[in-house]
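Below: one structure in structure tokens.
When reading the values below, keep in mind they use all heavy atoms of this one structure, side chains included, and skip hydrogens, waters and symmetry mates. Whatever order the structure lists them in is the order used to number ligands and atoms, beginning at 1.
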Amino acid sequence: MLPNHGANPQLIFEKLKIPLPTHINDFSENINFAGIPQTIQQGWNELLPLIEKYPHPDGEPFRSAIADYHAIEKKNVFVGNGAAEIFTLLANVLAHKKVIIVHPTFSEYEQALKAHHAEIIHITVENIVEWQLPIERLKRQMIKADALFLCTPNNPTGVLPPRQQLLELLAWGQQQQCLVILDEAFIDWVDEKQSLIVQVANNDYLCITRSMTKMYSIAGLRLGYAVTSQALVTEMGKYASQWHVNALSAVIGVQCLGEQEYVAATIEQCTKQRRYFTEFLQKNGCITTNSCTNFICFQLPQPEKSQTFYLDMLLKGIIVRHTENFRGLDGQWFRIGMKTSEQMALLEMEMTQWLTHQSFL
Ligand SMILES: Cc1ncc(COP(=O)(O)O)c(C=O)c1O
């Protein structure tokens with residue numbers, strides 16, 4: 001059994017008892033390869049005194065900055081120690097309730113919900129390439145469910161379902177009193193205009209979760225937020241520990257929001273790389289999903305060779321994200337995050353060699 005998450009590459013080598021190569025190229029995680037924005041690096045020393053005091057209990061000044069950024073009310077913003085903490089708090093709120101998860105998707109919703117004994121209804125999409133939502137089936141299930149988790153754009157397929165479909169589900173959720181949780185951790189790479197945050201003002205059965213860790217490359221710091229009804233903000237707060245958002249995160253988060261040029265440059269570069277690499281994979285007989293974000297999900301021309309491919313890449317120090325723990329993908333697909341041009345060129349070369357060799361076997 002392989003580790004369930006991208007990142008922490010040494011764990012994979014340890015688990016498989018493969019000596020750790022000197023050079024690792026890790027495509028298994030989805031964090032912005034450009035690294036922390038420069039202004040944050042430059043101002044680092046001035047942040048040091050923050051460590052000496054307790055942070056604000058509600059994640060200020062980040063909470064107010066988020067409200068301004070999205071032009072929403074502060075009472076609708078809940079700041080968390082990464083989006084991961086928000087899933088745990090939501091799972092507390094949803095303990096013993098009926099919750100729908102649409103697969104294949106991020107595995108941590110299920111993990112958090114299971115720990116709180118929620119009754120999970122698993123629905124797998126029929127078309128992986130388009131991660132096409134089974135709207136009528138979902139609507140039927142929502143009548144008797146308390147909540148629905150949807151990852152938009154989805155991890156690991158990268159697909160953003162059509163806005164009209166999402167709006168239909170939000171309206172249905174409101175009518176059926178079924179909380180719709182949209183995980184927009186990767187919407188940063190698409191366009192803020194695609195976010196459904198504005199809908200929260202008119203819908204008490206909507207919760208949008210966001211992560212600051214991917215776009216701004218601050219995964220180690222931990223910072224995320226939810227935009228939802230005031231009632232749910234209060235409810236989640238009851239389960240959070242005191243000072244759950246550290247003082248550095250709350251200040252650096254505000255600085256990140258000012259980095260719109262960095263965001264635009266990142267989107268431009270990632271989009272170019274995604275298009276180029278998708279074309280490369282397709283030319284070589286791979287199937288790719290319709291990703292609109294900073295990673296690609298693909299299947300080899302011979303999916304039965306997936307394990308061999310994974311191990312062969314590891315031996316070259318290249319880590320791609322396996323999909324063993326994604327329901328509906330079952331290890332037959334891979335996900336790769338976009339990295340520097342040099343790293344993408346290396347992956348292209350190694351994959352070309354591997355695929356050419358396989359065609360002679
Ligand atoms: C879809 C999705 N949502 C949320 C998260 C967690 O984000 P954070 O680092 O803010 O906890 C991840 C992390 O991999 C993710 O892939």
Tell me whether Y109 has any N or O atom under 3.5 angstrom from an N or O of ligand 1.
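N/O-N/O distance under 3.5 Å: no.
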Applying side-chain hydrogen bond (donor to acceptor under 3.5 Å, both in side chains) to Y54 and Q242, what does each step give before you reach the verdict?
CA-CA 10 Å; Y54 277 100; Q242 268 298 349; over 6 Å; no
Check ligand 1 against G82 and write out every atom of the ligand that is under 4.0 Å from a heavy-atom position of the residue.
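This gives 10 (O), 11 (O) as the contact atoms.
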If you measure from each non-hydrogen atom of A185 to ligand 1, which part falls under 4.0 Å: side chain, backbone, both or neither?
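Only the side chain of A185 comes within reach of ligand 1.
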Closer than 4.0 angstrom: is that true for some heavy atom of A219 and an atom of ligand 1?
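Outside the 4.0 Å threshold, so no.
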Using ring centroids (six-membered ring only for Trp), state whether Y239 and H116 fall under 6.0 Å.
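No; Y239 has its ring centre 6.0 Å or more from that of H116.
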Let me confirm one number: the OG1-CZ distance from T289 to F298, rounded to the nearest 0.5 Å.
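Reported value, rounded in 0.5 Å steps: 10.5 Å.
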At the 4.0 Å heavy-atom cut-off, does E29 count as touching ligand 1?
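Not so, E29 does not reach ligand 1.
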Measure the acute angle between the ring planes of H70 and Y225, then classify it against the limits of 30° and 60° as parallel, tilted or perpendicular.
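Judged by the thresholds at 30° and 60°, the geometry between H70 and Y225 is tilted.
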Backbone or side-chain N or O of A83 under 3.5 Å from ligand 1 N or O
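Among all N and O atoms of A83, at least one is under 3.5 Å from an N or O of ligand 1.
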Name the orientation class of the two ring planes belonging to H103 and H122 (parallel below 30°, tilted from 30 to 60°, perpendicular beyond 60°).
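It falls in the tilted class, 30° to 60°.
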Under 4.0 Å from a heavy atom of S211: give me the atoms of ligand 1 that qualify, with their elements.
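Matching atoms, with element in brackets: 7 (O), 8 (P), 9 (O), 10 (O).
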Just say parallel, tilted or perpendicular for the rings of H96 and H117, cut-offs at 30° and 60°.
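Rings of H96 and H117: parallel, as their planes differ by under 30°.
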Find all atoms of ligand 1 within a distance of less than 4.0 Å from any non-hydrogen atom belonging to C151, and give their numbers and elements.
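Result: 1 (C).
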Does G224 have a heavy atom less than 4.0 Å from any atom of ligand 1?
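It does not, in that no heavy atom of G224 comes within the 4.0 Å cut-off of ligand 1.
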Which word best sums up how the rings of W189 and F186 line up, parallel for under 30°, tilted for 30 to 60°, or perpendicular for over 60°?
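Tilted: the ring planes of W189 and F186 meet at 30° to 60°.
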Looking at L150, V180, L148, V200, which hits side chain to side chain contact (heavy atoms under 4.5 Å, CB included) with L170?
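The single option meeting the side chain to side chain contact (heavy atoms under 4.5 Å, CB included) with L170 is V180.
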So is E108 in contact with ligand 1, going by heavy-atom distances below 4.0 Å?
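No.
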If you measure every N or O of F106 against every N or O of ligand 1, does any of those distances drop under 3.5 Å?
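N/O-N/O distance under 3.5 Å: no.
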Does only the side chain of R222 get under 4.0 Å from ligand 1, or the backbone, or both, or neither? Count heavy atoms.
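It is the side chain that gets close, since no backbone atom is under 4.0 Å.
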